[in-house]
Amino acid sequence: MKKLGSALLGIIVLCSLLCIFNFNLNRNTSGAREKEKVLNLFNWGDYIDPSLIKKFERQTGYRVTIQTFDSNESMIEKIRQGGTTYDLTMPSEYMVEKMRKMNLLKPINHRKIRNLNQIDPLFLNQSFDPKNRYSLPYFWGTLGIIYNDKFIKPNSIKHWKDLWSSKYKNAILLIDSVRDVFAISLISQNQSINTTNLNILHQAEEKLVKLTPNIKAIVADEIKMYMEQEEGYLAVDWSGEAAEMISVNPHLHYFVPEEGSNLWIDSFVIPRTAKHFDAIYKFLNFMSEPENAAQNAKYVGYSTPNRGAKKILPQRVVQQRAFYPSDQTMNHLATYRDLGAKIVEEYNDLYLEFKMARQ
Amino acid sequence: MAKFKHFLVAAPYYLWIGLFVILPIGLIFIYSFHDLNGHFTLNNYLNFFKNSTYLLMAFNSLCFAIIITFISLIVAYPIAWIISKFQNSRDFLILLVIMPMWINLLLKTYAFIGIFSRNGTLNNLLANLGLGRHQFLFTDIAFILVAVYDQLPFMILPIYNSVIAINHSLINASYDLGASKTQTFWRIIVPLTLPGIKSGVQAIFIPSLSLFMITRLIGGNRVITLGTAIEEHFLSTMNWGMGSTIGVILIIAMILIMLLTKESK
């Protein structure tokens, strides 16, 4: 009993010490906050080169905190509910549009951005954010097909519609993402990936059901592992994921079917909750410096929209048609639009129906 | 005064139940009557019962849950029985049954990916035996196997507890009165272990209805259960109303199972 008592006392003392310590720590950081010497980033996991953060901190004296999210939806939910102090975050294009419509964003003052002309105009003034009032492109990528040349002869698969071929029975690993799966079906029928026509949508779903005998699994991050280990030899996934797979297994190849695909753009936006505007613009300028953008692109593996950075990057990277497609293919790419809750629900219901279909 | 004292002592438990049991269930119930825009609606329920997708999904989940529960029962019963026969080491054997429960389910599931994959343990073994490589991952059988593996301890433990509680003189009496082994088993042993079987079934059937992680990792989303739909509605479509509706329907199913397997007095 005595032992128990002293153990209890020990725990209480320890707890109070930790409380005091924590209180002091908070006082110090809130002191720093008054001096506006912090920047709170809300980023995707492993989506920025940590040594760039160090460099920024050294150059400017700001302290950068990073918190991460794993989906656009969980990100917007946190910002919508408030109580956060994020200064910058990097949503995908359709989420920029949604956040813009929900008044969750603050406009970006273009006069404070030095290197705006470095951004390839191809990625500016897109329909999800006309004139880029709220967003600044960070990285971009595509949706495409990855195959293993041990099992599939190069050039024997070229188009989305080839996925339906009976050669690939029970072979395809599909990315578990509503819009991307529908994009495959819609493009193969020459329809817009942003269609709101319910008839076309139902047809797209019927066509997807016909794909089920060829589908091995509908998964997400695991595709990387399965393709590297050759559990599967054919997959539909995003370009950055493909870049990572290829660096592990050189038998893998990625391409974007020339008839079209999705172009996604992750952009910097300033959420409503932002406070440290000085730091925000310093950081945006820092990240759009060509050499910094190039270093970041080398680390992350996605394609950079920064023209200056593209010049600095090694030629063999930039000339890869898979990750920097030809202008002709680029012209056929389209970004996703936010279609509004009702249509999105329709997509989701049909997607669930498609997943339920058994061969 | 004494009553007040009792209340004070019990207060933390009331608080616990209120905050972590009643409040969440209440919230699920309330959410299930709201649409995407937060307006009151009955459409979620109508949608569930009118939409063939959800009915088919419920039927699929039911079939899988029945299969998983049944296989668990046939596997668990002999195990529990055999363990109870080891007078000296049965505590240790039960510990071995419990031990896998200490390991995170996600890790165990990933281990199964390693076993089932094309270049995995099982396929290497088959290839060495000259039987060739086969597709195991993303099949119904793999899904059922992993689900049974995961749930098995929850079936073994209650059955084991009811087996060791059996008074052996009842079994001896049955033999003395001329009953055969099968008769003794069905007439004496099974009825006496019925409470264990019932709690095992309760502990497995409902979670099996709403399995979701295994459906994705082992089933490759080729097996869709109500759990998958809930996950999708909460995490990717943000349709919390519909997700909650499926949740409420699962709660009702659970109550029905409880009533069906209730001790008859």
Notebook entry, point to check: Can you say whether Glu222(A) sits under 4.5 Å from chain B via the side chain, the backbone, both, or neither, judging by heavy atoms?
Noted result: side chain

Next item on the list: Name the region of Tyr110(B), side chain, backbone, both or neither, that has any atom closer than 4.5 Å to a heavy atom of chain A.
Entry: side chain

Margin query: Which one wins on heavy-atom pair count under 4.5 Å against chain A: Asn60(B), Ile113(B), Asn47(B)?
Written below: Ile113(B)

Item checked: Flag for Asp176(A)-Asn221(B): side-chain donor and acceptor within less than 3.5 Å -> yes

Notebook entry, point to check: Does a donor on one side chain sit under 3.5 Å from an acceptor on the other, for Tyr45(B) and Ser32(B)?
Noted result: yes

Notebook entry, point to check: For Asp140(B), is it the side chain, the backbone, both or neither that has a heavy atom under 4.5 Å from a heavy atom of chain A?
Noted result: side chain

Item checked: Arg80(A) (side chain) donor-acceptor with Leu104(A) (main chain) under 3.5 angstrom -> no

Checklist line | Donor + acceptor pair across side chains of Gln135(B), Lys216(A) (<3.5 Å) | finding: yes

Notebook entry, point to check: Is chain B contacted by the side chain of Asn72(A), its backbone, both, or neither, given a heavy-atom distance below 4.5 Å?
Noted result: neither

Notebook entry, point to check: Does Tyr233(A) offer a backbone N or O that forms a donor-acceptor pair with the side chain of Asn148(A) under 3.5 Å?
Noted result: no

Notebook entry, point to check: Given the options Lys342(A), Glu353(A), Gln229(A), which has more heavy-atom pairs under 4.5 Å with chain B than any of the others?
Noted result: Glu353(A)

Note to self: Report which part of Leu174(A) has an atom under 4.5 Å of a heavy atom belonging to chain B: side chain, backbone, both, or neither.
What the structure shows: neither

Note to self: Can you confirm whether Asn262(A) sits close enough to Thr142(A) that some side-chain heavy atom of one is under 4.5 Å from a side-chain heavy atom of the other?
What the structure shows: no

Notebook entry, point to check: Is Asp129(A) reaching over with its side chain to a backbone N or O of Ser135(A), donor-acceptor style, under 3.5 angstrom?
Noted result: yes

Note to self: Quick check on Tyr226(A) against chain B: is it the side chain, the backbone, both or neither that has a heavy atom closer than 4.5 Å?
What the structure shows: side chain

Note to self: If I measure from the heavy atoms of chain A, does Leu217(B) come under 4.5 Å with its side chain, its backbone, both, or neither?
What the structure shows: both

Notebook entry, point to check: Is it the side chain or the backbone of Asp35(B) that comes within 4.5 Å of chain A heavy atoms, both, or neither?
Noted result: neither

